[in-house]
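Here's the structure, in C-alpha cells; my notes come after.
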Amino acid sequence: MRYHTYLSPKKFKLMEKIRRIYVWEIPVRFYHWVNMTCIIVLVITGYFIGNPPAIQSGTEAYANYWFATNRFLHYVFAYLFFFNFLLRIYWAFAGNEFANWKQFLPVTKKQWNEIFEVLKVDILQLKTWSFESKGHNALASFTYFFMFLAFVLQCLTGFGMYAAMSTSWFPQLFAWFIPLVGGDTAARHIHHILMWVFIVFAMIHVYLVVYHDYVERTGVASSMISGWKFITGHKHHD
Amino acid sequence: MYEEVLAKGYTRRDFLKFCGMVGAFLGLEYSGVGQIVKAMETKPRIPVLWLHFQECTCCSESFIRSSHPIVADIILDKVSLDYTETLMAAAGHQAEENLHATMENYKGEYLLMVEGSVPTKDKAYCCIGGNSAYDILQEAVAGCKAVIAWGNCAVSGCVQGAAPNPTGATPVHKLVKGKPVVNVQGCPPIAEVMAGVVVYMLTFNRIPELDGLGRPKAFYSRRVHDTCYRRPNYDAGLFVETFDDENARRGYCLYKMGCRGPVTYNSCGVIRWNDGTSFPIQSGHPCIGCSEANFWDNGPFYQHLASFPGFGVETTADDIGLAIGAVTAAGITAHAIATNIRKRKMIREGILNPEPEHDEDDQK
C-alpha cells in the first residue's frame, strides 16, 4: 500500500474504485483470433487470386503449382472462417450478456443514445468522455452487425462460386445463391468489393482498439487475450 | 426421317455417327445412342415455330452452319419447321397463315423456339405482321409444349439488354409463365449444342436436365475454365501480361487479359467451334463470357476485374478500395493527432480519470 501514498487523495480514491470484470469468455476470444487469422490469410490469398503477380517465367506449367496452392489455402481458410463464424453465432445465444445477439441490434433507446454519445466523444471528439461500456460500445456492436452481414454475403458468394469446382456436398448448399445475383461474374465482383470492406474495417478496428485503450485505459486491447477489463464503475451504461 | 437422310445422300454410317456424336455430347450412356437412332428412325416430326425478335440471327446462322453436315439437315428435316422468318419460303399473309395454322392444328404439341429478346418498354420497338413481339410470344406460348430460348438475346437480353437498355429488352423466360423454358446460352450457342438439345427433346420427349439458370446441364455444367487446355498455366500462376509478350507466345493463361473462362459456363473447351477446329482461347483471345448474363456490362473485356460503376471505364474495385484505404489511413492519422492533443490537455487539467458522477467532493 506504500505505493498509494504517492498518489493524490483524489486519485487514490479512484484507484480504489477500479474493478475488474470478466467480459469476453473463451469462445469469444477463440473466435476473435481464429477469425483474424482467417481474414488475414483470406485477404492475402484472395487478393492474389483477383490480381496475380506478374511472373516472367521461362519454365513450363508442370514445374509450378503455386497459384493452385494459393487457391487451396483460400478454400481451406474459407471453411475455417465459416465454421468459426457458426461457433460465434451459436455463442450469441449461449454466451454471456456481452456476447449476446441482442448486443448487436440497437433496438432500445438507450443503445441509440449510446451510439450518438460514442460518435460525439470518440469519433468527432466534441466532448470528453462521459461513460464507459462494459462490453462493446453500442456503435461498435452495431458495426459488427453489419460486418456479420458482410460475412454472410462473403460466404454465400464465395462458396457459391466454389460450388462449380467442387464435388463436395457442402459448397453445393450455396450454389442457389449465384443465379440470384446474376451469375459468377457478379458474385466475383461482390466478393472482391467485400474484401476491401474487410481491409478497411480491420484498419479502423485496430486503430480504435488502440485509441480506446490509450484514452480510457480499461485494458480493452489485452481484454481480448485475458477476457478481463478494468472499469471504474462511474457513469457507465448499465 | 431416316429415309430422308439416306435420300439426301448420307450413308447409314453417317447417320449412326451423327447419333453417336449427339449421344456423346449429351453425356448419355451407350444404350442412349440406340434410343436416339430409334427416335430418329421412327418418331413423327415435331412441329416447330421459330420466332425471331430483337436479335442478329447469329443463332440461326450458327445452327445451319453446323460443321457436321447432317446436323442442319437432320434437324431441319426432323423438325417440321413451320415458321421461321429466316428460312421459310412463305412470306406475308402466307407466312402468318402458316404460323396460325400450326398454333391451331398442333395445340399443345409444337415446340416454340425463340431467338431474340422482347422489348417491353415500348412494345412497338419490335413488330412483325402488325403484332408486337410481346403479343406474338404470348400467343405462341399459350399452345406450345415447351420453349427453347436460343442464345444470349433470348436468355438474358445480350447487347440490346445492355445498359441503358433503351428498348427494355427482356429475356424470354421472364415473360413465359407455366411452360418449361430451356435456355441455350451463348452468342451464338455452339451448333452442336443446339442440335443436341433438339435431339434430346425429340428422343426422350422431355426437356433436358437444367441448371439454376435454366441451361441444359449436359452443356453448361462446367466452366470454360475447367475444360480449358491452358488451365495448367493458371494453376502454375503463369499468365499472359500483354498480348504481345513472351508469355503470350508461350501460350500461358489469359486470366489477366480479362478471360471470363472462370465465370463462364459453356462447352467451348470440349466441343469447340467449326468442326472442333478451335475456340477463342485456343486462338489466343480471352473468353468474353458470351454465355453469361450481362456480359456486355461486365466491363472491359480485356480487364480481369470489372469496372466499378460510376467511376469511369478503367476504375476497378481495387482502385476504389486502395483510395478508401488511403482515406481511412489519413482519417486515422488525423484522429490520432487530435486524440493526443486532447489527452495532453486532459493530463494537464487533471481530468483524465472520469469524474464520479455522484461524488460529493466534486460538487463542493
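For clarity, every value in this text was computed on a predicted model and none was experimentally measured. The chains referred to below are lettered A, B, ... by the order of the sequence lines, with proteins before strands, and numbering in each begins at 1.
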For residues [X] and [Y], report the shortest heavy-atom separation together with the two atoms involved.
| X | Y | value |
| --- | --- | --- |
| A/H192 | B/A317 | CD2-CB, 3.8 Å |
| B/R223 | A/D184 | CD-OD2, 4.5 Å |
| B/D235 | A/R71 | OD1-NH1, 3.3 Å |

Heavy atoms from other residues, nucleotides or ligands near [atom1] of [X] exceed 12 (cutoff 6.0 Å):
| X | atom1 | value |
| --- | --- | --- |
| B/E209 | CD | no |
| A/F48 | CZ | no |
| B/K179 | NZ | yes |
| A/F72 | CZ | no |
| A/Y65 | OH | no |

Non-hydrogen atoms of chain A under 4.5 Å away: do they reach the side chain of B/Y234, the backbone, both or neither? both
If one checks every heavy atom of B/R250 against chain A at 4.5 Å, the contacting part turns out to be side chain
Does any backbone or side-chain atom of [X] lie under 4.5 Å from a heavy atom of chain B? Answer side chain, backbone, both or neither.
| X | result |
| --- | --- |
| A/Y214 | both |
| A/I204 | both |
| A/L194 | neither |

Do B/H304 side-chain atoms and A/N51 backbone N/O form a donor-acceptor pair below 3.5 Å? no
Treating A/Y207 as the side-chain partner and B/A336 as the backbone partner, does any N or O pair qualify as donor plus acceptor under 3.5 Å? yes
Side-chain donor-acceptor pair under 3.5 Å between A/Y211 and B/H335, yes or no? no
What's the separation between atom [atom1] in [X] and atom [atom2] in [Y], rounded to the nearest 0.5 Å?
| X | Y | atom1 | atom2 | result |
| --- | --- | --- | --- | --- |
| A/W196 | B/L322 | CH2 | CG | 3.5 Å |
| B/I332 | A/L208 | CD1 | CG | 7.5 Å |
| A/F67 | B/N233 | CZ | CG | 12.0 Å |
| A/M195 | B/D318 | CE | CG | 5.5 Å |
| A/I193 | B/I324 | CD1 | CD1 | 9.5 Å |

Can you tell which of A/G182, A/G50, A/G183, A/A175 has the highest number of heavy-atom pairs within less than 4.5 Å of chain B? A/G50
Using heavy atoms and a sub-4.5 Å threshold, report which of residues 156-168 of chain A line up against chain B, by residue number. A/A164, A/M165
Quick check: under 4.5 Å, non-hydrogen atoms only, which of [range] neighbour chain A?
| range | answer |
| --- | --- |
| residues 156-164 of chain B | none |
| residues 260-270 of chain B | B/P262, B/V263, B/Y265 |
| residues 238-245 of chain B | B/L238, B/F239, B/E241, B/D245 |

At a heavy-atom distance under 4.5 Å, which candidate from B/D226, B/V327, B/L213, B/N247 has the highest pair count against chain A? B/N247
